[in-house]
Colleague: 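The structure that follows is given in the form of structure tokens.
Per chain, numbering begins at 1; letters A, B, ... match sequence-line order.
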Number of protein chains: 2
Amino acid sequence: MNKPTDPTRTIVSRRSRPAKEPLSREQIVKTALDLLKQEGTPGMSMRKIAKALDTGPSSLYVYVANLQELSAAVLDEGLCEVVLPEAQKDSWKKPLIDALLSYAKVLYESPGLAELSLSTIPIGPNSLALSEYLLQRLHEGGITSTQAAWGVDLLLFYGASVAFEQASRNQQGTTLQAAQTFYQSLDAKRYPMLVGVQAEMFSGGPERFRWGLEVILQGMLQTDTRS
Amino acid sequence: MNKPTDPTRTIVSRRSRPAKEPLSREQIVKTALDLLKQEGTPGMSMRKIAKALDTGPSSLYVYVANLQELSAAVLDEGLCEVVLPEAQKDSWKKPLIDALLSYAKVLYESPGLAELSLSTIPIGPNSLALSEYLLQRLHEGGITSTQAAWGVDLLLFYGASVAFEQASRNQQGTTLQAAQTFYQSLDAKRYPMLVGVQAEMFSGGPERFRWGLEVILQGMLQTDTRS
DNA sequence: ACCTGAACACCGTTCAAGT
DNA sequence: ACCTGAACACCGTTCAAGT
């Protein structure tokens with residue numbers, strides 16, 4: 001494209017310079033996370049990451065096995081912002097809920113991260129720390145170990161899903177409005193209940209998430225694993 | 001259908017024959033669902049659907065706005081297999097749970113469908129019927145309308161997520177095993193609880209899903225929306 | 001009205017070749 | 001050891017041109 005022989009150009013282009021500062025895994029992960037935050041999932045492609053680092057896509061494969069593995073690393077990097085409040089003596093529930101609120105907030109603030117969290121198995125120091133923290137609080141709450149294990153899964157997935165839903169709504173107001181007007185146009189004879197609760201279906205911001213957490217925790221306290 | 005005995009008609013290759021049986025939206029959706037069931041999400045591409053119908057990808061756009069819209073239609077088509085048991089006089093809970101088990105089973109049996117359900121806003125007769133059904137059962141159970149609306153969302157999402165997790169595990173045993181051995185290799189000093197419940201983290205088939213449903217329902221019965 | 005071919009602007013991943 | 005260019009086998013979507 002812009003290759004025509006430019007006689008004024010005496011300076012050697014960066015491209016032909018033999019040595020470049022070498023890449024690093026950390027650099028790649030950070031660049032990927034930046035792109036993800038700025039442009040969402042479609043922004044985090046191998047080719048775009050490479051371009052942002054001024055190299056070719058094949059160069060990344062020295063440090064990263066494939067996109068999936070990179071995604072896991074990016075998710076974990078993103079989760080370093082989650083705040084785990086210090087444990088309290090009098091209440092196990094409050095810090096637990098606060099941690100989950102922080103988790104949901106982090107995901108909510110970068111929709112791409114929320115999307116990743118739904119499709120990536122979370123292995124990495126930060127997600128492990130979060131799980132460990134939740135398990136400890138549930139243990140303090142006297143919840144069985146099997147229930148606690150399953151419960152952590154349920155709570156984390158709920159957080160991710162709420163964040164993803166909310167984020168994708170904010171991003172593309174189009175789709176949501178379309179869905180809402182669609183619900184309003186429903187036949188009240190065929191779907192009486194649905195039409196009746198149509199407004200509630202789309203309502204509720206943070207309090208809806210809190211409600212869900214309360215529901216799950218309440219339920220766990222009263223349900224046995226062998227019921 | 002085929003024009004009989006056209007005197008000017010000499011045998012020509014199918015490719016050069018001007019007229020072909022026209023496509024239809026229904027045909028496209030069904031073909032897409034078949035491909036999705038057989039080959040998962042990567043199998044359901046515009047290009048592959050077109051090839052299966054012996055045409056070019058651009059031909060599909062006469063009947064379908066884009067891949068997203070098609071996905072919604074495919075999801076709904078797939079949900080026609082969900083069984084909604086007749087309402088019972090003595091129990092609202094059993095039919096509700098059975099419907100959700102059926103929902104999860106349908107998604108579980110074709111992993112691609114589970115994946116779709118996590119990324120597609122479910123508008124279509126079959127998903128509406130399911131929501132309406134759940135709302136009615138919850139109403140019978142005496143659950144507030146706001147709680148019911150939010151609860152349906154929670155229950156459906158939980159079903160989809162469990163199906164997706166299970167399906168993606170079965171599909172690629174590699175990733176799961178890797179995750180499991182990874183958990184086993186964790187530092188017990190840093191993650192004592194996590195190592196302790198490591199086995200439970202990956203355990204539990206259908207009973208785990210039932211447990212989650214019980215938890216959510218129990219919790220809903222005891223949680224107010226304004227708590 | 002419906003279908004087609006060709007093009008546009010993208011993907012992830014591999015691999016021989018360079019330094 | 002690291003980087004590169006080029007290639008392979010894919011994507012979704014558009015559009016002028018055909019029938």
Colleague: Let's test this: given Watson-Crick or G-U wobble pairing with both distances under 3.5 Å, identify the partner of C:dT19.
Modeller: D:dA1

Colleague: Using the C1' atom in both, what is the distance from C:dA1 to D:dA17, to the nearest Å?
Modeller: 15 Å

Colleague: Kindly indicate, with the supporting measurements, whether the criterion side chain to side chain contact (heavy atoms under 4.5 Å, CB included) is fulfilled by B:Val83 and B:Val106.
Modeller: CA-CA 9 Å; B:Val83 178; B:Val106 168; over 6 Å; no

Colleague: How long is the gap from OG1 on A:Thr146 to CD on B:Glu200, to the nearest 0.5 Å?
Modeller: 4.0 Å

Colleague: Tell me: OH of A:Tyr61 to C1' of C:dA16, nearest whole Å?
Modeller: 17 Å

Colleague: Hey, what do you get for CD1 (B:Ile123) to CD (B:Glu69), rounding to the nearest 0.5 Å?
Modeller: 9.0 Å

Colleague: Rounded off to whole Å, could you give me the CG-to-C1' distance for the A:Leu23 and D:dT4 pair?
Modeller: 12 Å

Colleague: Test for a donor-acceptor pair under 3.5 Å between the base of C:dG5 and the side chain of B:Ser58, counting only N and O atoms.
Modeller: yes

Colleague: In whole Å, I'd like the distance from the CG atom of B:Leu60 to the C1' atom of D:dC11.
Modeller: 14 Å

Colleague: Would you mind reading off the distance between B:Lys51 atom NZ and D:dA9 atom P, rounded to a whole angstrom?
Modeller: 12 Å

Colleague: Taking the side chain of A:Lys48 as heavy atoms from C-beta outward, which of C:dC11, D:dC2, D:dT13 is closest to it?
Modeller: C:dC11

Colleague: How close or far is atom C1' of D:dA7 from atom CE of A:Met46, stated in whole angstroms?
Modeller: 17 Å

Colleague: Answer with base, sugar-phosphate or nothing: what part of the nucleic acid does A:Ser59 contact at a heavy-atom distance below 4.0 Å?
Modeller: base

Colleague: To the nearest angstrom, how far is A:Glu39 atom CD from C:dC10 atom C1'?
Modeller: 14 Å

Colleague: Looking at A:Glu26, I want to see if its CD is surrounded by more than 12 non-hydrogen atoms of other residues, nucleotides or ligands under 6.0 Å.
Modeller: no

Colleague: Starting at the 5' end of DNA chain D and moving along, which residue's nearest nucleotide shows up first, A:Pro57 or A:Val62?
Modeller: A:Val62

Colleague: Figure out the CZ/C1' separation between A:Arg47 and C:dC8, and round it to whole Å.
Modeller: 14 Å

Colleague: Checking base pairs now: Watson-Crick or wobble, both atom distances under 3.5 Å. What partners C:dT14?
Modeller: D:dA6

Colleague: From B:Ser161 OG over to A:Leu156 CG, what is the distance, rounded to the nearest 0.5 angstrom?
Modeller: 11.5 Å

Colleague: Measure the distance from CZ on A:Arg25 to P on D:dA1 and round it to the nearest whole Å.
Modeller: 19 Å

Colleague: Between B:Ser45 and D:dC11, is there a side-chain N or O to OP1/OP2 distance below 4.0 Å?
Modeller: yes

Colleague: Measuring to OP1 and OP2 of D:dC3, would you say a side-chain N or O of A:Tyr63 lies under 4.0 angstrom away?
Modeller: yes

